[in-house]
Amino acid sequence: MGDNMKWVYSFGADNAEGDASLRNLLGGKGANLGEMASLGLPVPPGFTITTEVCTEFYKNDRTYPEGLKAQIDAALIQVGESVGMKFGDKSRPLLVSVRSGARASMPGMMDTVLNLGLTDETVEGLATLSGDPRFAYDSYRRFIQMYSDVVLEVDHHSFEEILETYKEEHDYFLDTEMTADDWRTIISGYKKVVEDALGKPFPQDPQEQLWGAISAVFNSWRNDRANTYRRLHHIPESWGTAVSVQAMVFGNMGATSATGVAFTRDPSTGDNYYYGEFLINAQGEDVVAGIRTPQALTKESRLKMGDEEPSMEEAMPTAFAELCAVFDKLEKHYRDMQDIEFTIQDGKLWMLQTRNGKRTAKASLKIAVDMCKEGLITEEEAINRVDPHSLDQLLHPSLDPDAERDLVLTGLPASPGAASGEVVFNSDEAERLAQEGKNVILIRVETSPEDIHGMHAAKGIVTARGGMTSHAAVVARGMGRPCVCGAGDLKIDKSEAFFTVGGRKVEKGEVVTIDGGAGKLFFGAVPTVQPELSGDFGELMGWADKVRRMRVRANAETPHDAQVARDFGAEGIGLCRTEHMFFEADRIVAVREMILAEDKKGREAALTKLLPMQRSDFEALFKVMAGLPVTIRLLDPPLHEFLPHSDDEIEEVAKSSGMDAQKLKDRAHKLHEFNPMLGHRGCRLGVSYPEISEMQARAIMEAACNVAKETGEKVTPEIMVPLVAKREELAFLKERIDCIAIEVLKENGIKLDYLVGTMIELPRAALTADAIAQDAEFFSFGTNDLTQTTFGLSRDDSASFLPDYMRQGIFERDPFVTLDPDGVGALVEIAAEKGRATRPNIKLGICGEHGGDPDSINFVEGAGLDYVSCSPYRTPIARLAAAQAKLRKNDGGSTA
Ligand code: PEP
Ligand code: MG
């Protein structure tokens, strides 16, 4: 690769070499700047260095490709010419911003550097040229601080301390009160900080500054924060980042200048009005930094918030009208809600960024449904607009309106949802405690990309500083964590042992409850209630249901869970784990009796106790499911979960069974397994003790008959045999199940369809599925065990070392969460094909955890399964994901 490669794409000043179609090459930011420029919107001119440069940079030991420098120099000259300036010139210095821009938005990478190109010399030129020395020095001090922080990695606290002390000493409250001379003094202080920290002066060569910033962006692609973010969001490292360099426009040029951020619709609720904040006489970082409180964009929102300061609509009506026109144009063009950054320099509007805005699940739904009704997008596009994972947010509880509550503080309602947890003050601790299984609420003055892991670990986030577009607000919303930000009364003690609000104190470890939607924090654990789903939800789900091919069932054992599943639209039960029905105190003793019985007689005595319990359980389940198919799996207990451990437990079984306690103890000891997951479980139990399977078959069939008679509705039991490896295992049990079924139907004098099938959980079963299908009327892929056995990776033990595999990039995803398409997925495909070869109408489903994971659902759509089965709360996610998978398949498999 050499001189003939194009590494740099220009935009602005009536020119755009790239547009949104080049997103992979130019990153989101660069592509959209090009796109806006080609739409004729006012974009300051600039250029984007491609993601291919990033790839080359890493391929060649962090060096740049040949020809890049010449292309950058040429582009800089072009930018300078179009604004009548020149980079590094003493009297007409071109200043630029440098920003990172990956394909997907990537918090954690290098932040923006503004005002690059300022030096001791050029700042004088800027002062003369603008006739406003205060503005020039303000820009210079901002540049030194930003550049030192993000490029030179000098601790930013030292800069803040200098400024705070200076303001205190001079009785200033706001930065805007500082004069040119004040800033000059601050600049000397800042430069000294840099020199002390680095042992050399702040760089005075604009070229050195520029390359320093470009390298900082590329280097940040592989910093820890970016690595973490990529891991959490499954962004491949190979994508790389682009760098955008753009002529500065200045929002800090006095009262007719401003800077702001805006969304074309409310990103929290999805309501269709302009939503945003702006600050007069300020630069971009001031809006998100939370030092000055930004003003509302529209008069209506100002009045709603009870703000005194004028809105942009009132303070700058002309620029506001222009901005509104841009909003409309962008929304129509992108056909999606936009998140925009803009600057007004001396009354003139400039667009600095647009992208599809991050939003809450609620807003995502509303915007998709509204836009479809507005005719902007189709129903199918609306389906694709909502991330199935995000529905989780909507299905989460909110505070019980009738519950008592004791308010700690009020802040901004940054991200909805409610959660309780222990107070923690730093992200590492939040992560540690969460790993120990604790619920934590992270309380911070403000958050930065360094807090991503803590925010992810926390159940909720509260910050003292920052507005609705602050880091905490944006990130929490994206993660679906409830968040309250800008709680100004919150004071965190230096010791990080407690915080105070007014006169009240809350200690670390104390339990609090956050209500993100209301912007409030309460003492103690406030009870929560399940959400009421909006009409938008039902509407979108209806569209999804029309589109999807696969059925969605739920994994449920209790009538309550089955009801939840039905309420969420489940079309049957795909897995009823019968061993889960035995954990209650009165039952576990009978199960232990059964397991520990010395002979068939003893076992049958225990089974006689269990039969009526099982029968009534199944009756309840069939009733709730009202004619929908119910797959009941025969007992699959990892034995160790059921063996009695304490003397008391042994004693209890002894009393109930009449067996000798010592004998029981010996038997329990004998039954101990070294590797229970590969031990005497699944169908193996039925092979050893067929009477157990027979009892279950009887309970299922009797329950089905009873309910069919009682309700007059159709009941369709599907009896499922677990952990089959050989056809003969299934044949052995099927024969017995059929015998019992025929007997029960005869006893009851009714006809009723039932199916006998198997789980496919072992590689051998998948590979011999054609033989197994001779007996199986359905397959349900138990991908939890199939993943375990394909990888030889323990379901119970791998959590301790899987993170190493993820960190090393050996696994991109946890294979127990997202189906491994190449190995486990291949087995699913083989089994499906072989099963169908023997029995063309064999019913195929998946009931491992993957059945509720959108990517895995996409995979099994490809394999042509008939249904997925997942936990009740994931049912809506599965419905939507199944629709998206179908649409993708219609599209020829391209990823949406
Ligand atoms: C499976 O193995 O995927 C499955 C659904 O069964 P269980 O999780 O009960 O082992
Ligand atoms: Mg299993």
Side-chain angles (χ1 to χ4, degrees), residues 552-558 561 565 570 572-583 591 630-642 673 675-686 693 696 718-725 729-730 733 757-766 769 772 776 778-799 814-821 823-825 827-828 831-832 843-853 855-857 859-860 863 865-872 874-875 878:
V552 174
R553 299 195 190 184
N555 297 351
E557 289 82 46
T558 66
D561 288 356
I573 287 180
L575 174 63
C576 163
R577 292 175 162 105
T578 51
E579 65 280 4
H580 284 192
M581 302 165 114
F582 288 136
F583 279 114
V591 175
V630 177
T631 308
I632 297 171
R633 179 176 77 184
L634 300 184
L635 202 60
D636 178 15
L639 268 191
H640 60 295
E641 285 179 21
F642 284 92
E673 292 180 317
N675 206 339
M677 273 294 180
L678 299 179
H680 203 185
R681 57 176 286 222
C683 64
R684 296 160 198 174
L685 208 66
S693 307
Q696 290 202 290
E718 300 176 348
I719 301 173
M720 181 154 74
V721 179
L723 219 73
V724 163
E729 289 172 302
L730 177 63
L733 286 170
T758 182
M759 307 260 312
I760 300 287
E761 301 176 277
L762 298 170
R764 192 183 191 287
I772 292 176
F778 64 88
F779 287 166
S780 179
F781 290 94
T783 44
N784 301 330
D785 275 311
L786 192 59
T787 299
Q788 169 169 260
T789 51
T790 301
F791 279 98
L793 197 58
S794 164
R795 280 165 76 169
D796 293 338
D797 303 312
S798 57
D814 180 337
F816 289 107
V817 176
T818 300
L819 194 77
D820 155 51
V824 182
L827 286 171
V828 171
K843 203 189 289 192
L844 302 175
I846 176 172
C847 64
E849 286 307 296
H850 306 89
D853 170 68
D855 288 318
S856 313
I857 291 171
F859 180 87
V860 298
L865 300 201
D866 299 304
Y867 69 89
V868 300
S869 188
C870 58
S871 70
R874 296 191 74 83
T875 314

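Whatever order the structure lists them in is the order used to number ligands and atoms, beginning at 1. Because the structure is predicted, anything quoted here is derived from the model rather than measured.
- Between Leu575 and ligand 1, a contact under 3.5 Å exists for no N or O pair.
- Heavy atoms of Asp785 found under 4.0 angstrom from ligand 1 belong to the backbone as well as the side chain.
- Residue contact annotation: Arg681 has a non-hydrogen atom under 4.0 Å from ligand 1.
- Asp785 has its closest N, O or S atom to the Mg ion (ligand 2) at the position named OD2.
- Heavy atoms only, all atoms of each residue included: Glu849 and Thr783 are closest at N-OG1, 4.5 Å.
- Contacts between Arg577 and ligand 1, counted as non-hydrogen atom pairs separated by less than 4.0 Å, involve the side chain only.
- When each of Thr631, Asn555, Thr875 is tested with Ser869 by the rule side chain to side chain donor-acceptor pair (under 3.5 Å), just one qualifies, namely Asn555.
- For the 3.5 Å distance criterion, the side chains of Arg633 and Ser780 fail to qualify, holding no donor opposite an acceptor.
- Annotation: side chain of Leu634 is in contact with side chain of Ile719 (closest heavy-atom distance under 4.5 Å).
- Atoms of ligand 1 lying under 4.0 Å from at least one heavy atom of Cys847, given by number and element, are 5 (C).
- Salt bridge status for Arg764 with Glu729: absent, with no side-chain N to carboxylate O gap under 4.0 Å.
- No side-chain heavy atom of His850 sits under 4.5 Å from any side-chain heavy atom of Asp855.
- For atom 6 (O) of ligand 1, the nearest protein heavy atom (residue, atom name, distance) is Arg633 NH1, 2.9 Å.
- For the pair Glu673 and Arg681, the salt-bridge criterion is not met [side-chain N within less than 4.0 Å of a carboxylate O].
- Nearest to the Mg ion (ligand 2), among the N, O or S atoms that Glu761 has, is OE2.
- Contact analysis puts Met759 in contact with ligand 1, with a non-hydrogen atom separation below 4.0 angstrom.
- Note: no N/O pair closer than 3.5 Å links Asp636 and ligand 1 by distance alone.
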